[in-house]
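Here is the structure we will look at, set down as C-alpha cells.
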Amino acid sequence: MEKSTPKIAVFISGTGTNLQALIDARNKKKLEAELALVVSSSPSALGLSKAEQAGIPTFFFQERDYPSKQEAAKVLLEKLKEDQIDFIALAGYLKLIAPEIISAYPDRIINIHPALLPKYGGRGMYGVHVHEAVIAAHEKESGLTIHLVDEKYDHGRILKQIKVPVYDDDTPGLLQQRIQKEEHKHYPIVLNKFIKGKV
Ligand code: GRF
C-alpha cells in the first residue's frame with residue numbers, strides 16, 4: 001500500500017519568511033509533504049497572509065484565551081488531531097509548546113533558531129535580540145540551528161547547524177539577513193529529511 005503524504009502544521013508568530021520558504025519548497029516538490037495548517041500565536045502575523053495566499057488553512061491560537069494552560073493545550077491538540085497532522089515545524093513561533101503537545105508528538109516537532117545553540121538560546125533570545133547579543137559578545141561566527149523541540153526553549157537534540165561569519169562592522173540587521181538566507185535554504189531540506197526519518 002502506498003504511504004500517504006505526511007501532513008505538517010507550521011507554527012508562526014511573525015513575518016513568516018521561513019514559512020514562505022517551506023511553501024516554495026513544497027511547490028517545487030522538494031518538500032514532499034502537505035502543508036496542512038498554519039497555527040499563529042498572533043492575529044496580525046504577516047505570515048498569515050502568506051499562508052492564505054498559498055491556500056493553507058490557518059488557526060489563531062492564544063493560550064490566554066482559555067481558562068487554563070491545560071484547557072488551551074487540549075483545544076490545540078484537538079485541532080491538530082482533527083486535521084490529522086503528523087509533524088509540527090516551528091518557524092518563528094515565540095511561545096513554549098505545552099507538554100501535552102510534546103507527548104502527543106514525540107520527536108515529531110522541530111524548530112529553527114538563528115544562532116549556534118546552545119549559545120544565544122532560551123527565553124528572550126529571539127529576533128534581532130539574538131544578533132545584538134552575538135555582536136555585543138564579539139563572536140566571529142554565528143549561524144542557525146535546527147533542533148527537536150522539548151519542554152524548554154531552544155533545547156532539544158540538534159539536527160543541523162550551519163555557520164555564518166560575523167564581520168567586524170556587522171549590524172544586527174545585516175547578520176540577521178545573512179542568517180535568514182541560510183535558514184530559507186536549509187529548513188526545507190532538513191524538514192524533508194526529518195519527515196522521512198533520515199535525520
Ligand atoms: C527566524 O530567524 C527563526 O530562526 C526564528 O525566528 C525567525 C522567524 O522569521 N525562530 P520568519 O517569521 O520566518 O521570517
Side-chain angles (χ1 to χ4, degrees), residues 1-27 31-113 121-123 126-127 146-157 159 187-188 190-199:
M1 205 171 70
E2 207 176 296
K3 210 170 162 287
S4 62
T5 312
K7 291 188 179 196
I8 299 177
V10 183
F11 284 28
I12 62 165
S13 297
T15 325
T17 61
N18 278 285
L19 166 65
Q20 188 62 54
L22 298 178
I23 293 169
D24 294 344
R26 177 208 63 179
N27 291 346
L31 176 59
E32 295 153 275
E34 181 183 342
L35 295 175
L37 181 68
V38 167
V39 174
S40 176
S41 64
S42 157
S44 57
L46 284 176
L48 279 172
S49 56
K50 296 184 169 82
E52 279 151 19
Q53 271 169 26
I56 304 170
T58 60
F59 183 66
F60 165 54
F61 173 76
Q62 199 170 234
E63 215 173 62
R64 67 165 185 257
D65 290 343
Y66 301 90
S68 68
K69 282 177 187 270
Q70 290 75 11
E71 198 67 29
K74 199 170 150 225
V75 169
L76 180 55
L77 197 52
E78 270 166 16
K79 175 67 181 159
L80 297 171
K81 292 291 170 195
E82 186 185 301
D83 290 3
Q84 300 177 312
I85 299 301
D86 299 302
F87 296 94
I88 299 172
L90 309 186
Y93 188 66
L94 296 177
K95 306 289 176 187
L96 261 190
I97 299 293
E100 292 87 340
I101 309 281
I102 290 170
S103 17
Y105 286 88
D107 291 343
R108 284 176 169 244
I109 311 177
I110 66 171
N111 181 40
I112 184 161
H113 183 78
R123 187 177 281 278
Y126 64 90
I146 299 170
H147 64 94
L148 289 178
V149 171
D150 64 15
E151 288 169 27
K152 295 184 195 159
Y153 278 115
D154 306 323
H155 185 261
R157 180 165 72 82
L159 305 176
Y187 204 21
V190 174
L191 182 56
N192 198 45
K193 286 187 183 160
F194 178 66
I195 61 176
K196 293 176 174 194
K198 290 184 180 164
V199 66

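- Considering all non-hydrogen atoms of both residues, I195 and P6 come closest at CD1-CG, 3.9 Å.
- I112 approaches N18 most closely through the heavy-atom pair CD1-OD1, 4.2 Å.
- In this structure E151 satisfies the salt bridge (Lys or Arg N to Asp or Glu O under 4.0 Å) test with no other residue, sequence neighbours excluded.
- Smallest separation of non-hydrogen atoms from A54 and R26: O-NH2, 3.9 Å.
- Within the structure, the side-chain hydrogen bond (donor to acceptor under 3.5 Å, both in side chains) test picks out the following pairs touching residues 190-199 (sequence neighbours left out): E32-N192, E32-K196.
- Listed by chain and number, the residues in a ring-ring contact (aromatic ring centres under 6.0 Å, His included) with Y126 are H129 (sequence neighbours excluded).
- Inter-residue side-chain proximity for H147 and D154 is flagged as met; some heavy-atom pair is nearer than 4.5 Å.
- Applying the ring-ring contact (aromatic ring centres under 6.0 Å, His included) test to F61 and every residue at least two apart in sequence or in another chain returns Y66.
- Between D65 and F60, some side-chain heavy-atom pair lies under the 4.5 Å cut-off.
- With sequence neighbours excluded, the residues forming a side-chain contact (heavy atoms from CB on, under 4.5 Å) with T15 are T17, L46, K50, listed by chain and number.
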Under 3.5 Å, sequence neighbours excluded: what are the donor-acceptor pairs made by side chains of residues 88-100?
none

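- Every pair tested for side-chain hydrogen bond (donor to acceptor under 3.5 Å, both in side chains) that includes a residue from residues 52-61 fails, sequence neighbours excluded, so the list is empty.
- Residue pairs meeting the side-chain hydrogen bond (donor to acceptor under 3.5 Å, both in side chains) criterion with at least one member in residues 33-46, sequence neighbours excluded, are S13-S41, S42-S44.
- Partners of Q20 under the side-chain hydrogen bond (donor to acceptor under 3.5 Å, both in side chains) rule, at least two apart in sequence or in another chain, are D24.
- For the pair L19 and V38, the minimum side-chain heavy-atom distance is below 4.5 Å.
- A pairwise comparison of heavy atoms in I110 and V149 identifies C-CG2, 3.7 Å as the closest pair.
- With sequence neighbours excluded, the residues forming a side-chain hydrogen bond (donor to acceptor under 3.5 Å, both in side chains) with R64 are Q62, listed by chain and number.
- Pairs of residues two or more places apart, or lying in two chains, never qualify as ring pair (Phe, Tyr, Trp, His ring centres under 6.0 Å) while including a residue from residues 36-59.
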For residues 76-87, please give each side-chain donor-acceptor pair under 3.5 Å, one per line with the distance, not counting sequence neighbours.
from: K79; atom 1: NZ; to: D83; atom 2: OD2; distance (Å): 3.1
from: D86; atom 1: OD2; to: K7; atom 2: N; distance (Å): 2.8

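- V10 has its side chain within reach of L35: a pair of non-hydrogen atoms, C-beta onward, lies under 4.5 Å apart.
- Rounding to the nearest 0.5 Å gives a distance of 9.0 Å between CD1 of I109 and CG of L148.
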